[in-house]
Amino acid sequence: MNTALVILAAGKGTRMNSDLPKVLQPIAQTPMLVHAMRAGAVLSPERTVIVAGHGAEEVARVAKVEDESVSVAVQEKQLGTAHAVAQARDALTGFKGDVVVLFGDTPFIEPTTLERMIAARKSFDLVMLGFDIAEVQPRYGRMIMDGDRLQKIVEYKDATEEQRAIRFTNSGLLACNSDLLFDLIDQVSNENASGEFYLTELVALANARGLTATAIKCDEAETLGVDSRADLAAADAAFQTRARNALLQQGVTLMAPNTVYLSADTVIGRDTVIEPNVVFGPDVTVESGATIRAFSHLEGCHVSRGAIVGPYARIRPGTELAENARIGNFVEIKNAVIAEGAKVNHLSYIGDASIGAASNIGAGTITCNYDGMMKHKTTVGENVFVGSNTMLVAPVTLGDGAMTATGTVVTKDVEPDALAVARAKQQNKPGYARKFFDMLRAKKARRDKGA
Ligand code: UD1
């Protein structure tokens, strides 16, 4: 059976108190909407429609980066969840199959749950997804069940005291045949406590037509809705716990798991060791057998087998660390390739550069890659020895086997095997230090006497 996804993402999220549309708030450095899209992707949807409203342009841009084939339907006014789904009708013209409705602010839905919803569709016309709430709260529609048949869903605001005590509540997600879905939506009215067009009304409408509806259950954690910054922090924490546990299970050593911050797309190979207090920004891949030492910050980079990073290293986007590369303390690397076995061990900035195999970059070396207007490239060959505190003024190339003297400011290319020295010549003046200190002492003595 073909499947289409409709992801509701028009809400403002007033309680977030933010300029960013709610569904673009990040969890593990990834917008909630993208989490929802990835969850839905397990159904291999033939079409995906995002219903956007607040910040629709931004929402559309983010959605299309994740999957350029998505359609975005704009809901100008947020008149309720049924009205939101109705906006997807045009984008689904000609589609035959099941529509699964997801919420853009419910990022943790499990693939197996969506599969169970589709499976339940074989026996029921309409399948809702629900969960048991741990404690009664003034939120969530209440599921009115009769055996495995769902009679109706009553929104909290419209519920009686007796109904409010029900713990089986609505996640909002549903699966239904496309034609039937839009047919039922046409019948939804807004005569309720909120004056909104409720998607939940579909249940009573389906039953009234002699069709069948059911509700399947998932874990509360999966349908955790995110409405406030506190919810966002709690959702991120829940994500981190799961992701850390998954890494431990895959054979990654996390010396202090609770102090390691991961992104949704972080990939780390087996037998890699992550020391305490490491942050993984988006788009980081670490191969097996690498070591990321304490207090390092990585984003947009690839770390190969056997490489060692940190402690206190900052690896920025576009960095490729080859096998057994060494990046030490207080080193920043950006948009650079550090080839096999090369070392940048202390207090350096290497940006827009390529450092050849087995080269050694001395302490305090900096690529001067920016002239205030443009970025320029530094190329260091293989087996190069860059002396401490060398300034590599880009664009510049150092040939294989070359060397720079400590403190050199390199402004011209250095040919292979050559030594570049560019610094003032040292002069030693015998006895000058003693004379200078004698003079200072005499000066101090005169001042003390006068006082
Ligand atoms: C909805 C359900 C409720 C369920 C709860 C779970 C209805 C009527 N109620 O309640 O039974 O327990 O979700 O969280 O469906 N949205 C739009 N356009 C709109 C309205 C909402 O796109 O006009 C989107 C929101 O951005 C959000 C989702 O739909 O992603 C749910 O909206 P929300 O206002 O949170 O739903 P509730 O009314 O709380």
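Whatever order the structure lists them in is the order used to number ligands and atoms, beginning at 1. Remember, predicted model here, so these are calculated numbers, not experimental data.
- Close approach of ligand 1 to A84 is summarised as follows: ligand atoms under 4.0 Å from at least one heavy atom of the residue are 17 (C), 18 (N), 22 (O).
- Distance from atom 4 (C) of ligand 1 to its nearest protein heavy atom, with residue and atom name: N170 O, 3.1 Å.
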Inset, instruction - Give the C-alpha distance, both sets of side-chain angles, the deciding distance and a yes or no for side chain to side chain contact (heavy atoms under 4.5 Å, CB included) between D227 and K22. - result: CA-CA 8 Å; D227 285 334; K22 176 170 150 185; 2.6 Å; yes
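- The N/O atoms of A10, backbone and side chain alike, include one that comes under 3.5 Å of an N/O atom in ligand 1.
- By the 30° and 60° cut-offs, the orientation of the rings of H35 relative to F108 is perpendicular.
- By the 6.0 Å contact criterion, CZ on R270 is open, its count of non-hydrogen atoms from other residues, nucleotides or ligands being 12 or less.
- The protein heavy-atom contact nearest to atom 30 (O) of ligand 1 is D105 OD1, 3.0 Å.
- Note: no N/O pair closer than 3.5 Å links T200 and ligand 1 by distance alone.
- Qualifying side-chain hydrogen bond (donor to acceptor under 3.5 Å, both in side chains) partners for R121, counting only residues two or more places apart in sequence or in other chains: D98.
- Just one of T81, V226, T223 meets the side chain to side chain contact (heavy atoms under 4.5 Å, CB included) condition when paired with F103; it is T81.
- The nearest heavy-atom contact from the protein to atom 14 (O) of ligand 1 is Y140 CE2, 3.7 Å.
- Ring pair F330/Y312 is parallel by interplanar angle, where below 30° counts as parallel and above 60° as perpendicular.
- Protein heavy atom closest to atom 24 (C) of ligand 1, with residue, atom name and distance, is L8 CB, 3.7 Å.
- Under the 4.0 angstrom criterion for non-hydrogen atoms, T169 is not in contact with ligand 1.
- At a heavy-atom cutoff of 4.0 Å, ligand 1 is contacted by no atom of V23, backbone or side chain.
- Within a 4.0 Å radius of atom 36 (O) of ligand 1, the protein contributes no heavy atom.
- When only interatomic distances are considered, the shortest N/O to N/O separation between G172 and ligand 1 does not fall below 3.5 Å.
- Between E155 and ligand 1, at least one N/O pair is under 3.5 Å apart.
- Using modelled atom types and a 3.5 Å distance limit, the side chains of D236 and Q240 yield a donor-acceptor pair.
- The proximity of K22 to ligand 1, defined as any non-hydrogen pair under 4.0 Å, does not occur for either the backbone or the side chain.
- Residue contacts with ligand 1, taken as heavy atom pairs separated by less than 4.0 Å, involve A9 solely via the backbone atoms N, CA, C and O.
- Of all protein heavy atoms, the one closest to atom 15 (O) of ligand 1 is T81 OG1, 2.7 Å.
- Side chain to side chain, T113 and E222 meet the donor-acceptor criterion of an N or O pair below 3.5 Å.
- Nearest to atom 31 (C) of ligand 1 among the protein's heavy atoms is F103 CE1, 3.3 Å.
- Distance screen at 4.0 Å: atom 33 (P) of ligand 1 has no protein heavy-atom neighbour inside the cut-off.
- For S263 and D265, the side-chain atoms include no donor-acceptor pair closer than 3.5 Å.
- A side chain to side chain contact (heavy atoms under 4.5 Å, CB included) with H302 is found for one member of V284, D283, T285 and no other, namely T285.
- For S194, no heavy-atom contact with ligand 1 is shorter than 4.0 Å.
- Checked against H376 for a side chain to side chain donor-acceptor pair (under 3.5 Å), the options D371, N369, D352 give a single hit: D371.
- Within the 4.0 angstrom cut-off, atom 26 (O) of ligand 1 has one or more protein heavy-atom neighbours.
- The stretch residues 116-153 participates, sequence neighbours left out, in these ring-ring contact (aromatic ring centres under 6.0 Å, His included) pairs: F131-Y140.
- Taking distance alone, with nitrogen or oxygen atoms compared against 3.5 Å, G80 approaches ligand 1 more closely than that limit.
- With a 4.0 Å heavy-atom cut-off, ligand 1 is reached by the side chain of Q75 but not by its N, CA, C or O.
- Cation-pi geometry between R142 and Y156 is not met at under 6.0 angstrom from the ring centre and within 45 degrees of the axis.
- Ligand 1 lies nowhere less than 4.0 angstrom from a heavy atom belonging to G225.
- Proximity of atom 12 (O) of ligand 1 to the protein is indicated by at least one non-hydrogen atom lying closer than 4.0 angstrom.
- You'll find the side chain of I216 reaches within 4.5 Å of the side chain of L129, heavy atoms only.
- Counting atoms of ligand 1 from 1 in the listed order, those under 4.0 Å from a heavy atom of Y198 are 8 (C).
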